[in-house]
Structure formats: C-alpha cells, structure tokens
Amino acid sequence: MKFPIDERVLPAAGDPARQALGFERWEETAAQCDDPSLATRMRALSGDLKAATLLGALFAHSPFLTHCAAFEPAFLCDAFETGPDQALADLMESMTAQLACETDQARLMTALRTAKRRVALLAAAADISGAWPLEMVTGALSDLAELACRQGLAFLLRREAQRGNLVLAHPEDPENDCGIIVLGMGKFGARELNYSSDIDIIVFYDHEKLDYRGRKSLPECMIALTKDLVKILDERTVDGYVFRTDLRLRPDPGATPVAVSLVAAESYYEGFGQNWERAAMIKARPVAGDAAAGAAFIRFLKPFIWRKSLDFAAIQDIHSIKRQINAHRGGRAIAVAGHNIKLGRGGIREIEFFAQTQQLIWGGRQPELRSSRTLDSLHALAAAGHVDARAAAELEEAYRFLRQLEHRLQMIDDKQTQTLPDSPERLAEIARFCGFDGIDAFAAALTRRLQTVETHYAGLFEEAPALSVGGNLVFTGGENDPETVGTITGMGFANADSVCSTIRGWHHGRIRATRSTRARELLTELTPTLLSALAATASPDDAFMRFDEFLSRLPAGVPVFSLFYSNPSLLDLVAELMGNAPKLAQHLAHRPNLLDSVLTPAFSEPPPPFEALAADLEKALAEATDYQEVLDISRRWAADRKFQVGVQTLRAMLAPEKAARAFADIACAVLDRLCPWVEAEFARAHGHVPNGSWCILALGKMGGHEMTATSDMDLILVYDCPDPAAESDGTRPLAAPVWFARLTQRIVNALTAQTGEGTLYEVDMRLRPSGNSGPIAASIEAFERYQTDSAWTWEHMALTRARVVTAKGDVGAKVEDLIARTLGRARDPDRLVMDVAEMRERMAREHKAASHWEVKHLRGGLVDIEFTAQYLQLRHGATHHSIFGTNTKDALDRAAAAGLLADADRDCLVEAWRLWSAVQLVLRQTIAGDFDEKTAPGGLKDVLVRTTGLVDFKTLVDRMDDCAQAALEVFDRLVGQPGRQVRERIGPEET
C-alpha cells in the first residue's frame, strides 16, 4: 500500500457501532461485487492493519464517507495502492479525456458527480491520514471545481455551435478565444475550497468576440447558457451534485442578469465598484472559458483593486465593513458549543480579513503582497514588515487548525456548515474526529486559537470608533446577511429584509447620491448611527422609507453625508423628521438644501411677525422673471417657513400657541404678497375696474391665528364698485361682477394649483354669502344685505373669526366696520342660545369622535370651546364691544375681563383649548390617519408629551380626559342646557 498514514494525526476512536456497520457494509459490497479481483482487493485492504485503521476512522466518524466508499470501492482500492497524488492525477486525466467530446448532458452530469464523489473520498482520506497538508486538500477540491466548470462550459459551447447559435473560433477547443469568461471568486479563486464548499463564480461575455447567429438576443443566449452551466454543476440528481454554485458576487446582483457583458462590467468597476468588491477581487482568477480574455480582464481590474496611493480614506470603508461585525478584544470566554468557526469571534473570516485589509492598503505599491491565498498573504505581509512575524505565525497556525476543523465538520454528512453542534454528545464526536480524547481538551485548544485570532484582528481597529449596534451590520455581497437582519429586527424595524436590501442598493450605487466611492465610504461610517436614530422614531420602517426617498433625490451624497458626519445632531433631527413628521420629511426630500439653513442660528430663532414675513417674501418674489416663477417661489418660501415652524414645534422650541400664530402669519403673508401679482397677471388681458376695490376676509383657523401645518384657507372676497354697470379697461373688458369673480378664481387657482413645487394651500370659500350657491365674489352691498337679512346664526358665529388679511383700496375698512356692526347688534338671547346648542348637537350627531384624540369634534373638544367663545361674543357684543376677538383664547380672556365669564370657567376652557391645540398641531404634521394610542410608536407619544409640556404619556391621557369633561361641563352649563330649556319651553313648532 502506497497511501501514507501518519498515525499521530489519525482521529481518536469514534463510534464503535458506526465503525462496525461501515466494515459490514464494505464486506457486503465485496461479496456482491461482480469482479472477483476487486472483491479480493477490497478484503485485502480491510485486512491490512494500516489501511483498516484509516478505513475505520472514515466509517466511525462519517456516514457520508462510508457511503462514498461503498459506491467507489475500486477507486478507493486504486488510491490506497498508488497513493493519493497519483490517484488524483489519474482521475483528472481520465475525466478530461472522457468528457472532451461529450455530447449528452445527462452523461456529462453523471460523470462530473462521480468525479466529485471520488475526489471527496480521496481528499478526506488524505486529510484524515495526514497524507496531504491543507493546501493539497483545498487544491484538489479546487482543481475538480475548475475541471467541472471547464467541461461544463465546453459542452455548452459545443451544443450552441451544433444548434447554429454560435460560430466557435476553434471548434476542436471550444473555450479557446470563445469570448466568455468564468471567474472563480472567493475560496474557489484562491484554490482554498473547503470540503463541502459552494463555488462563487461570475460569468462575463465579450459581445465583440462572440459570433452569435441565434434568433434571440445575445444577452438572452448568455443568460440561458449560464443557467445551464449552474444546472450542470448545482442540480442534485440521483448521483448527487458537483458544487453548489453562487453567482451573487457579480456586479450589483440585485439589478443585473446572471451573465454580464464585459462592457457593463468595466463600466461598473470603473464607476461604482465598492471597496468590499476590491477585497473580493483579490482572489479572482479565470477558471473557465477564454483564457486570454480572462487574463486581460484581470489586468483591467488591477487599478481598481490595487491603488498606487496609500488610500487610507478608502480603506476606512473596508475596515468599517468588518467593524460592523463586532470585533472584541481577546480574553473573554468563548462558548465552544454552537460557535461558528467561520463567521464567529476569532473565526476564519477574521484571519482572511486581517490579510485582505493589509493587502489593500499596501498592495498598490508592493506587488509582492498581491497573493490570492490567505497564508501566502500573511507570509508576504510579514516579510514586508507590515505584520509582526509572530502574529503571522500564530494566525497561520490558527488558520490551519480552524480549516481542518471546518473540513471535519463537513465530512460527517457533506453539509456546508461551520457551526459546532450544541449537544455534548455530538461535540464529543467532533472532538474525537479532530484527534482529541474529549471535549475539554478540544475546547481548550479551540478557544486558545479563537482568542489569538480575536486579539490580532481586533488590534486592526483599536484606533477606530465602534460601528456596531450590538450585532452585525453588514451590507456587502448579493444577499442579506441573516445576522444583520436579526440585528435590525432587534432595533425595532418590522421589515428588516427590506431595510437590508435597500442599504445594499445604496452601496451598489443604484442612487445618484452613492455613486462615488467617497460617498459610500461616508455612508458606511454613518449607517449604524443612522439606523439607531431612525429606530428611535415613531415609525422606524416609515422613517427609513422616507430617508431612502430623501437620499434618492440627492444629486450627490458627499456634501450631505459630510454634513451629517460633522454634525451628528443634524442626523438625529433628520431621522426624527423622517419618523415623526412625514410632511416635513417630504418637504426635506424635495428641498435637501434646507439642511444648510437648519445649521444657521436664524433657523432656531422664533418666527418673525407678519410684517417681516411679508417683506421677506416680497424680496424673494422680486427675483421672479415671470408669473410661473412667482407661483414656484411662493410655494418654496411658504414650505420652507412652515418647515422651520414645524421643526421648532416638533423639538418643543416653540409653544403650540405661537406655532399656530406663525402658521397663520405665513398664510397671510402669502396671500398679501401673492394677490398683487395675480391681479397684475389677470389685468394684462382684462385691465382693472375703474374705482373698484376689493379685500379678502380670512375666517376659521386662519382668521383666528390658529392654523396647523395642514389647515385650509377659509376665505371670502368682498368688492366695492361705485358703478355696478362698469366694465374693466383691458383689451378684453369684463363686466365688474364678472371681473371680480374671475379675479377671485385666479387667486384661488394661484393658491391651489399643483406646480413643480407642489401646492400652497387648499381654499374653502363655503362661508361666503349663500355658500356654494352664491357668487364666488360678493359686493359689499350684497354682503351687508345678506348678513343683515339672511345669515343664519352659525354664519354670524363664523363671522366672529373674520378679519381682513389683504385689501386693495378702502373697502377693507368698510367691511371691518360692517362686521363690527353685524356682530354688535342686539339679539334675542333665547333664540341665540337655542340656535347655538342645536347647531352643536347636529354636529355631534354628524361627526362622532371615535376617540379622545379627535380633539376637534370630541365632546369637550375644540368645537365646544369655540362655540362657547362665539356664543358669548354674539350674546353680549351689543353691550360689550371689547369682547370681540378672532382668536378663541383672546375672546375667552376678553369675556372674563368683562365679567361675562367666570375666571374658573375661563381657566378651564383655555387649558383645554391649549391642550387640544397642541395635540392637533402635532398630529396634523406627523400622521396621515387616526391616532391609536395602543399601537402608536413610542417616539410619537414622546413628541406629544413634549409638546403639551406634561411629564409622561399616561399623564397626558389622564389630563385629556379631565379637560374634556371639564370643558364640556362649562359648555353645557352656559349653552347646551339653556338651549335645551328654551327649545322645550317654546315647543317644536316655533322651533
């Protein structure tokens, strides 16, 4: 027997029953063998002491190897007789000759699977016996993978040529000059395949070299060919499989086909290639196809992989990729059971990464450091003085130990695993398979290596800040990292898979902001902080989705990422907006340059009064060159100002009452400065009405300075024309009533039209005389006549909040005087209180509040408080002219000051009004639908608590209940109950 066996490295005794069963099966196979000479050789082998020892180790520890031995007794006998080196050489030679002209895919697949089984058996026996060192074991597996790729591709090329789809440059040698490149990546490229490894490949094709004659497109042909190649290698048949095949290391795998054109590949690596891909490409080598084209492509990649300058800024990205996987200093206890020896602490990946990062730093200037194999890289780095020789030696020893353990784990059942079993029984079996007498000795040996690797690896990042958030955050490669998905789920994201996929898309340059290398480097550093900030918001998934929209709109990422990097608090603010204020987030997404203004001291100052706002808008409008630009500038200005107020409100920098007034002042400034432009544009064709004047009344929340971020404008336009029969003086004259109606419509359109900058406001004109059935613009005579003769009580209630916000001519003063006279006239107290009470009851029936968060229609909510203030003004306005105020709180204060409202009632109503106003202000700019306190995220609850000035959410809920009850009691005592009593007294007929 020429098969060398080093008894010092043979596994310790395994399962006696399993070993006996293996020998029994071996004997059964010999007995059933049709070839007497083979049966003799098999019995001789099991009778040889050394051979039987090795066979016993295979049978005792690996059901998979027992199965392979029973299937391949002749090959195993040959290998024992000739030695493993010769057996491998003979196998590769015979397979090459056998498949050189193969035309049947089924026979090809069977032959390759047979070869895989034989190499798996041979490599295991050579590893267990100590006949082969690590390099020869991994090399044999890699050589087989290369043979399989080449034979599979050659077969497919011959088939396509026979079908008339391809014309081969060398039909006798299909791969030669074929224009197709198969790159081996990772361990395959470095000839370091583990025992049950999958293979990573990338398929490229050169459309200029391929002579394609098929009916479909060339890309379709290449995609189909690649899928067939994967099938040949990967498909599990009755004969097993050859290699699981992974294509996800190709450029941007989520967006590219399985076969990539060379033109597209070159464009990608020149413009969008990521630093982790530089590390991956260190191991790349052509394994099949056009050898010359493959070599040329590797030469093309050299400047991408190996940068001449010591690019430490770029290497920071490489470091951060692995720093996002927790890097601990050595010394802590490592639980052996269940440990992943590849990805876990101190594992194989850390050794590989230790070498690759140093190679990327120094390899641009020192070609001798460009080895693809891990151990060769460590030796070269040590020789060049970049790695301490002792560290390199310790890492090599640990690497060999861990790779051998990895192989033993996989040999048991041919499973692609690097995780040690949890159960003591199975862990003891692994320990014996690795040559240890028991778990304790094995655990001590393994732990020592893991801690050694951990210590050296963590030393790479001693100077760098931590990038983890208590778990993995890895966004490289072609699919989501399961541990990263778990980390993000643990942070509070409901759809962690989607988050991971989106971030990987950022890193692949699928958005403009991340198409530069520097942008991706900054993004990598920011990602943990970003995710932590988004996770703390009201709705992390929605916040992330809006941040993605924000990034997608950026023309470039470096300026904004640098801004975040230098100002971490700004990132917190942006995350808070994305999660807690969707409308503000949407505006920021459209106007990312606002971030610069956020950092200015003026952004945090209280909003200026109306006069300053109007002057600022007028200055901005002076830059307009046409009417369309006027509309766009108005929208940008208003949105920017509302954004400032919204941010200040969200961060409790501005009291809700002042925020509501600021929102109203912004709306008034827009109306006041935009209307002259609208009239001028309208007058270009229709001129002006001689001696005509007009004004606009604001009512509702705008009239009362109580607007929120989403409030409509409640408007009425009133005009005065001394000559009702007059016409405008333009080239296309209009009758005066028509002119004012058209002007009103133009103003509404200017406010509501959707332009590239969005809309300004929704406009509601239903409070005009006769509502929707009345003319859109009312003459002052018609307005007075309606208010005197026809207006309902509820219309006069609405009029208490009316104020002139913009005017041309003296009609504004006339209208204000008219309103004062209308509101100040004497009224029938019984009729008034009954009307107000009935109106409230009707609203309560039509608008039932589903919860106390619907603070407008809630009983004891805003409507009850507003009705109380309006009732008091109409009831006592005839004798107390000072009581009138368009703002609800002002009206209540004035009523109390005049002795018409008890101080305690005033305090109760004002407290509730402030609470409801604050809640409504927050909810209107944070969520689109209803608020549900049971499902609402904590972040939004915190915003509500902060804005209302209370200590916690429970206190807020309790206070809301108390305020609603107290406010309703005041309304019912002053309005509701008296109204019902009047109705009962006068009877339904008079009512």
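Residue numbers count from 1 along this sequence.
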* **Cationic N near anionic O, under 4.0 Å, E549 to R553** => yes

* To do: Supply the atom-to-atom distance F643 CZ to L650 CG, rounded to the nearest 0.5 angstrom.
  => 10.0 Å

* Measure from the ring center of F564 to the ring center of F561 and say whether it is less than 6.0 Å. => no

* To do: State, with a plain yes or no, whether a side-chain heavy atom of L909 is found less than 4.5 Å away from one of F971.
  => no

* Taking the side chain as C-beta and beyond, is there a heavy-atom pair between I747 and I696 under 4.5 Å? -> yes

* Structure fact -> Closest non-hydrogen atoms of L760 and A638, given as atom of the first, atom of the second and distance, are CD2-CB, 3.6 Å

* To do: Kindly determine whether V804 and V718 satisfy side chain to side chain contact (heavy atoms under 4.5 Å, CB included), including the steps that lead there.
  => CA-CA 10 Å; V804 174; V718 181; over 6 Å; no

* Check: T708 main-chain N/O paired with R924 side-chain donor or acceptor under 3.5 Å -> no

* Within residues 869-882 or reaching into it, pairs that qualify as side-chain hydrogen bond (donor to acceptor under 3.5 Å, both in side chains) - sequence neighbours excluded -> none

* Report yes if the side chains of L901 and L974 come closer than 4.5 Å at any heavy-atom pair, otherwise no. => yes

* Student check: side-chain heavy atoms of V805 and L697 closer than 4.5 Å -> no

* Structure fact -> Those residues at least two apart in sequence (or on a different chain) that pass side-chain hydrogen bond (donor to acceptor under 3.5 Å, both in side chains) with T625 are E629

* **Whether T947 side chain and L944 backbone form a donor-acceptor pair below 3.5 Å** => no

* Structure fact -> Scanning both residues in full, the closest heavy-atom pair of A891 with G885 reads CB-O, 3.8 Å

* **Donor-acceptor side-chain pairing of S917 and E706 below 3.5 angstrom** => no

* Asked: Would you call E784-R821 a salt bridge at under 4.0 Å N-O?
  -> yes

* Please identify each residue that fulfils side-chain hydrogen bond (donor to acceptor under 3.5 Å, both in side chains) with R946, with sequence neighbours left out. => E576

* To do: Take W694 and Y719 through the ring-ring contact (aromatic ring centres under 6.0 Å, His included) test and state the conclusion after the steps.
  => CA-CA 4 Å; W694 55 269; Y719 67 89; over 10 Å; no

* Ion pair check, K808 and E679, cut-off under 4.0 Å -> yes

* Asked: For D893 and K889, what are the C-alpha separation, side-chain angles and deciding distance, and is it a salt bridge (Lys or Arg N to Asp or Glu O under 4.0 Å)?
  -> CA-CA 6 Å; D893 288 342; K889 175 183 173 298; 2.7 Å; yes

* To do: Check step by step if side chain to side chain contact (heavy atoms under 4.5 Å, CB included) holds for C668 and M702.
  => CA-CA 8 Å; C668 292; M702 184 176 178; 3.8 Å; yes

* To do: Mind checking ring pair (Phe, Tyr, Trp, His ring centres under 6.0 Å) for H857 and listing every partner two or more places apart, or none if nothing turns up?
  => H847

* Roughly how far apart are D864 CG and L858 CG, rounded to 0.5 Å? -> 8.0 Å

* To do: For E762, enumerate each residue passing the side-chain hydrogen bond (donor to acceptor under 3.5 Å, both in side chains) test, keeping only those at least two apart in sequence or located in another chain.
  => none

* Applying side chain to side chain contact (heavy atoms under 4.5 Å, CB included), run through L534 and M578 and close with a yes or a no. => CA-CA 8 Å; L534 293 174; M578 299 299 163; 4.2 Å; yes

* **Flag, side chain of Q648 to backbone of V645, donor-acceptor distance under 3.5 Å** => no

* Q644-D640 side chain donor-acceptor pair, cut-off 3.5 Å -> no

* When rounded to the nearest 0.5 angstrom, what is the spacing between CZ in R825 and CG in L874? -> 9.5 Å

* Asked: Just wondering, do L621 and W637 contact through their side chains at under 4.5 Å, heavy atoms?
  -> no

* **Distance-minimising heavy-atom pair for A849 and E854** => CA-OE1, 3.4 Å

* Side chain of T755, backbone of E757: donor and acceptor closer than 3.5 Å? -> yes

* Could you walk me through whether D810 and S693 pass side chain to side chain contact (heavy atoms under 4.5 Å, CB included), step by step? => CA-CA 7 Å; D810 60 358; S693 60; 3.9 Å; yes

* Restricting to pairs with a member in residues 728-744, which pass side-chain hydrogen bond (donor to acceptor under 3.5 Å, both in side chains), not counting sequence neighbours? -> none

* Might you point out which heavy atoms bring A659 and L921 nearest each other, and give the distance in Å? => CB-CD2, 3.6 Å

* **Point-to-point distance, once rounded to the nearest 0.5 Å, from CG of L699 to CD1 of I716** => 4.5 Å

* Considering only heavy atoms from C-beta outward, does the side chain of V647 approach that of L573 to under 4.5 Å? -> yes

* **W853 and M960, any side-chain heavy atoms less than 4.5 Å apart** => yes

* In Å and rounded to the nearest 0.5 Å, what is the CE to CD distance from M843 to E838? -> 14.5 Å

* State whether the side chain of R635 and the backbone N or O of L631 hold a donor-acceptor pair below 3.5 Å, judged by distance alone. => yes

* Structure fact -> In this structure, OH of Y786 is separated from CZ of R768 (nearest 0.5 Å) by 10.5 Å

* Nearest heavy-atom pair of H796 and L823: which atoms, and what distance? -> O-CD2, 3.5 Å

* Asked: Do NZ/NE/NH1/NH2 and the carboxylate oxygens of E816 and R803 come within less than 4.0 Å?
  -> no

* **For V919 against T948, the heavy-atom pair lying closest together** => CG2-CG2, 4.1 Å

* Determine, for D714 against K701, whether the closest basic-nitrogen to carboxylate-oxygen distance falls under 4.0 angstrom. => no

* Charged N to carboxylate O under 4.0 angstrom, R641 versus D616? -> yes

* To do: Side-chain contact test, heavy atoms from C-beta onward, threshold under 4.5 Å: evaluate it for F663 versus P607 and give yes or no.
  => no

